[in-house]
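Structure provided below as structure tokens; questions to follow.
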Amino acid sequence: MRRKSCAVAEKTEALRRPWHGASDHAEDPAVAALRLQRAEIDALMAFRAAPDDSADAMAAWQRLAQLRAERLALLPAEAQQRLPALPPPPQRPQSGWQKLIGRFKSR
């Protein structure tokens with residue numbers, strides 16, 4: 001069995017990395033904004049999949065609002081204005097425990 005050369009092995013390993021090199025630039029605001037966009041989309045899908053007026057819907061909406069706030073901090077003003085509005089929050093009021101947990105998560 002023949003061994004691969006070091007250069008070929010490194011090239012193969014480089015092709016396996018996710019984000020095609022974006023993981024090397026984690027501190028770059030553009031990469032962080034892309035990751036937050038992906039997380040926001042996942043949270044929106046979870047919110048839409050949750051039953052209406054359930055605790056899961058409220059938790060998913062809170063996560064969605066938190067991710068949107070984090071993403072807005074990284075975007076320029078013109079990009080912020082182009083974002084669609086968030087869906088309205090569920091009608092079910094939060095319990096005292098949910099409010100307390102939400103306060104701790106927002107810090």
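Computation of the quantities below employed the complete heavy-atom set of this structure, encompassing side-chain atoms and omitting hydrogens, waters and symmetry-equivalent molecules.
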Which atom of L74 lies closest to which atom of A33, heavy atoms considered: CD1-N, 3.9 Å
Are L86 and L83 connected in a single hydrophobic cluster, I mean Ile/Leu/Val/Met/Phe/Trp/Tyr linked by side-chain heavy atoms less than 4.5 Å apart? no
Nearest heavy-atom contact between A46 and A60 is C-CB, 4.1 Å
Test item: P90 and F47 side chains (from C-beta on) under 4.5 Å apart, heavy atoms: yes
Search all heavy atoms of P51 against all heavy atoms of S54 and return the closest pair with its distance. O-OG, 2.8 Å
Looking at CD1 of I41 and CG of L44, how far apart are the two atoms once the value is rounded to the nearest 0.5 Å? 8.0 Å
Separation between CD (Q80) and CG (L72), nearest 0.5 Å, reads 5.0 Å
Residues L67 and A39: closest non-hydrogen pair is CD1-O, 3.4 Å
More than 12 heavy atoms of other residues, nucleotides or ligands under 6.0 Å from CZ of R63: yes or no? no
How long is the straight-line distance from CD of Q66 back to CZ of R71, given to the nearest 0.5 Å? 14.5 Å
Could you state the interatomic distance from CG (L75) to CD (E70), rounded to the nearest 0.5 Å? 12.0 Å
Are L36 and V31 connected in the hydrophobic side-chain network, where two residues link if heavy atoms are under 4.5 Å apart? no
